[in-house]
Amino acid sequence: MARQLFVVDPVERLRPEKDSSVALMQAAERAGEQVWVCCIADLAFSADGPLVRAQPITTTPWFELGEQQWLPLRQFPKVWMRKDPPVDEAYIYATQLLELAERQGVQVLNRPASLRAWNEKLGALRFPHLMAPTMVSSQVDALAAFAETHSDVVLKPLGGKAGQGVIRANGAGPGLAALLELVTQQQQLPVMIQAFLPVVCAGDKRILLVDGMPLGAINRIPKAGDFRSNLAVGGAPEPTELTARENEICAELGPALRAAGLFFVGIDVIGDYLSEINVTSPTGVREVERLGGIPLADLTQQQLLKTDLQQG
């Protein structure tokens with residue numbers, strides 16, 4: 001029986017009714033794979049090469065763990081790197097250990113080098129023509145000038161997740177300079193500033209791409225009194241279909257994501273504009289399955305097997 005290893009947060013913290021990692025684990029079991037789990041602190045290296053201290057897990061019903069064992073990472077043909085952000089020092093070291101396993105033929109989803117290179121805000125800047133007006137800088141004067149030009153703007157910390165720390169500001173606001181000093185840590189840390197898109201009140205689409213192909217999407221509606229639509233801060237999901245423009249965006253991104261080894265990706269689109277490219281542990285599988293009737297986790301496992309056959 002083939003094995004799949006999932007590098008995740010502690011399993012007792014995962015919520016099976018909402019968590020995309022659990023959905024992918026359960027789909028792997030349905031596909032006849034044996035599922036194992038570990039945390040990033042369980043990755044190691046010795047004279048025998050890359051190692052992991054992992055446990056087999058039965059995910060249905062959620063969950064039953066087997067005995068924890070030290071094993072060579074090469075014994076897991078597929079490793080899912082699904083640790084939630086932040087992408088901190090420990091996360092970076094984990095990707096470097098997983099990269100050593102890649103050299104032994106292990107397929108890591110997503111590719112460790114690309115997890116480091118594709119920051120979930122900055123990665124979208126590879127496609128600036130698809131985005132709303134955007135600037136990244138740590139300089140207050142430059143950010144203030146952008147805000148004055150576009151009047152209504154959004155500030156995003158580059159290391160943020162799930163809408164945390166995202167601020168809407170007015171370019172003519174009297175406290176703007178102080179706010180910019182705060183978010184840039186006195187001009188030492190770059191932030192992203194974008195023109196605010198009023199159409200966000202109608203929703204922010206999360207589109208899940210598998211091997212560069214869009215397999216499902218949900219629209220996320222901000223809660224009353226907020227402009228952020230992330231589910232983690234109270235956004236409400238609703239079923240949706242892709243527009244012609246969204247299909248164009250996916251078609252342009254697909255080959256680049258595939259070439260970078262970014263097998264499982266969640267992009268965010270507001271109106272006609274690409275907002276983010278989420279590569280660390282994209283969410284939305286459960287909502288797509290529940291609202292859209294699409295067996296997205298099973299389709300992901302099928303595509304993984306299809307990719308194996310094509311490579312073989």
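This is a predicted model, so every value here is computed, not measured. Below, each value reflects all heavy atoms present in this structure, side chains not excepted, and no hydrogens, waters or symmetry copies.
The closest side-chain donor-acceptor pair between S138 and Q188, if any, does not fall under 3.5 angstrom. For the residue pair S275 / K156, a side-chain donor-acceptor distance below 3.5 Å is found, with atom types taken as modelled. Counting only N and O atoms by type, the side chains of Q4 and W36 include no donor and acceptor under 3.5 Å apart. Checking N170 against D152 by side-chain atom types alone, no donor-acceptor pair falls below 3.5 Å.
By the 6.0 Å and 45° rule, R111 does not stack over the aromatic ring of W118. The side-chain tip of R82 does not point at the ring of F6 from less than 6.0 angstrom away and within 45° of straight on.
Other residues, nucleotides and ligands contribute more than 12 heavy atoms inside 6.0 Å of the CD atom of E12. Few gaps surround CD on Q96; more than 12 heavy atoms of other groups in view lie less than 6.0 Å from it. Counting heavy atoms of neighbouring residues, nucleotides and ligands inside a 6.0 Å radius, atom CD of E148 does not exceed 12 of them.
Applying the salt bridge (Lys or Arg N to Asp or Glu O under 4.0 Å) definition to pairs two or more places apart or across chains, those involving residues 27-43 are R30-D298, D42-R53. Here salt bridge (Lys or Arg N to Asp or Glu O under 4.0 Å) pairs that include residues 128-147, with residues two or more places apart or in two chains, number zero.
In this structure, CG on D9 lies 7.5 Å from OG on S281, to the nearest 0.5 angstrom. Expressed to the nearest 0.5 Å, how far CG of L208 lies from CD1 of I267 amounts to 9.5 Å. One finds the CZ atom of F264 at 8.5 Å from the CG atom of L215 (value rounded to the nearest 0.5 Å).
Salt-bridge annotation for K205 and E238: absent, with no side-chain N of the basic residue lying under 4.0 Å from a carboxylate O of the acidic one. Using a 4.0 Å cut-off between charged side-chain N and carboxylate O, R286 and E17 make no salt bridge. A salt bridge is defined here as a Lys NZ or Arg NE, NH1 or NH2 lying under 4.0 Å from an Asp or Glu carboxylate O, and K306 with D211 fails to meet this definition.
For D84, there are no salt bridge (Lys or Arg N to Asp or Glu O under 4.0 Å) partners, not counting sequence neighbours.
Each of K83, R116, E102 was evaluated against T95; a single residue qualifies, R116, per the side chain to side chain donor-acceptor pair (under 3.5 Å) test.
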